[in-house]
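Let me begin by presenting the structure, written as structure tokens, before commenting on it.
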Amino acid sequence: MGYRVLAEATMVVHFLFVAFVVLGGFLAWRWPAVLWLHLAAAAWGLCIVVFTLNCPLTWVEDWARERAGQSGLARGFIDTYLTGVMYPERYLNEVRLLIAVVVAVSYAGVVIRWRRRG
């Protein structure tokens, strides 16, 4: 039971992390200190995509699911829970581009707000 709870909690944290990568730049509009955390998260997300790295959260979830007697993730987190579920797999590149645009817009908003304050 404990491993299953750990697997589910890890999945939730992973969803929150992905949401933060996509939308966290907008939090910096209100709380500028968040920008540095978001830059690190966005850089990590970019590295995972560009270099096809395995995320430690995926590893933890997979490990916990196997210990709970479930089958582990056959593919990565994004491929398991988002691609083909939230959007068709054929639009993966478009979704990645949209995410990059959303992050860029959030950073442009940070710059505009900082200039207005200063």
Side-chain angles (χ1 to χ4, degrees):
M1 171 88 171
Y3 288 116
R4 183 180 175 131
V5 170
L6 177 61
E8 298 299 322
T10 305
M11 178 185 62
V12 168
V13 168
H14 213 156
F15 270 114
L16 293 172
F17 179 79
V18 170
F20 181 69
V21 167
V22 176
L23 301 171
F26 292 106
L27 293 175
W29 291 20
R30 176 75 172 99
W31 300 287
V34 171
L35 182 64
W36 301 110
L37 182 59
H38 186 262
L39 282 168
W44 175 248
L46 182 64
C47 286
I48 286 176
V49 170
V50 170
F51 301 113
T52 58
L53 301 174
N54 293 322
C55 180
L57 289 171
T58 302
W59 181 87
V60 170
E61 181 185 348
D62 193 44
W63 176 84
R65 289 200 185 285
E66 288 175 357
R67 298 300 176 284
Q70 300 175 331
S71 59
L73 299 178
R75 306 173 297 163
F77 177 84
I78 300 288
D79 294 332
T80 300
Y81 297 114
L82 299 176
T83 304
V85 177
M86 300 291 286
Y87 54 87
E89 189 170 347
R90 68 181 176 272
Y91 294 123
L92 177 60
N93 290 329
E94 289 84 351
V95 168
R96 287 178 175 170
L97 179 62
L98 178 62
I99 290 168
V101 167
V102 168
V103 171
V105 166
S106 73
Y107 288 173
V110 168
V111 170
I112 290 168
R113 291 179 67 91
W114 282 354
R115 286 188 178 172
R116 285 185 184 166
R117 286 184 186 171

Legend entry - Connected via hydrophobic side-chain network under 4.5 Å: Y107 and L37: no
Legend entry - By side chain to side chain contact (heavy atoms under 4.5 Å, CB included) - contacts of V34 (at least two apart): F20, L27, W31
Inset, instruction - Please report the C-alpha distance between V60 and H14 in whole Å, then the side-chain angles of each, then the deciding distance to 0.1 Å, and finally whether the side-chain contact (heavy atoms from CB on, under 4.5 Å) criterion is met. - result: CA-CA 10 Å; V60 170; H14 213 156; over 6 Å; no
Result block: side-chain N/O donor-acceptor pairs under 3.5 angstrom for residues 44-54, not counting sequence neighbours:
none

Legend entry - Nearest-0.5 Å distance that lies between atom CD1 in I112 and atom CZ in R117: 13.0 Å
Legend entry - Joint cluster assignment, L39 & F26, ILVMFWY side-chain distance < 4.5 Å: yes
Inset, instruction - Heavy atoms only: give me the nearest V110-G25 pair and the separation to one decimal. - result: CG2-O, 3.7 Å
Legend entry - Approximate separation, where rounding is to 0.5 Å, of D62 CG and F77 CZ: 13.0 Å
Inset, instruction - State yes or no: do V13 and I78 share one hydrophobic cluster built from I, L, V, M, F, W and Y residues joined by side-chain heavy-atom distances below 4.5 Å, directly or via other members? - result: no
Inset, instruction - Measure the acute angle between the ring planes of W63 and Y3, then classify it against the limits of 30° and 60° as parallel, tilted or perpendicular. - result: perpendicular
Legend entry - Euclidean distance, E61 CD relative to E66 CD, rounded to 0.5 Å: 11.0 Å
Could you list the donor-acceptor pairs under 3.5 angstrom formed between side-chain atoms of residues 82-100 and any protein atom two or more places apart in sequence or on another chain?
unit_1, atom_1, unit_2, atom_2, d
T83, OG1, Y87, OH, 2.7

Legend entry - Atom of A41, atom of V21 and distance for their closest heavy-atom approach: O-CG2, 3.6 Å
Inset, instruction - Group every Ile, Leu, Val, Met, Phe, Trp and Tyr by side-chain heavy-atom contacts under 4.5 Å, then state whether V105 and L23 land in the same group. - result: yes
Legend entry - Check: V18 and Y81 side chains under 4.5 Å, non-hydrogen atoms: no
Legend entry - Which atom of V102 lies closest to which atom of V22, heavy atoms considered: CG1-O, 3.4 Å
Inset, instruction - Indicate if F15 and L6 have the same hydrophobic cluster label, given that clusters are the connected sets of ILVMFWY residues with side-chain heavy-atom separations under 4.5 angstrom. - result: no
Legend entry - Donor-acceptor pair, side chain of R4 and main chain of A68, under 3.5 angstrom: no
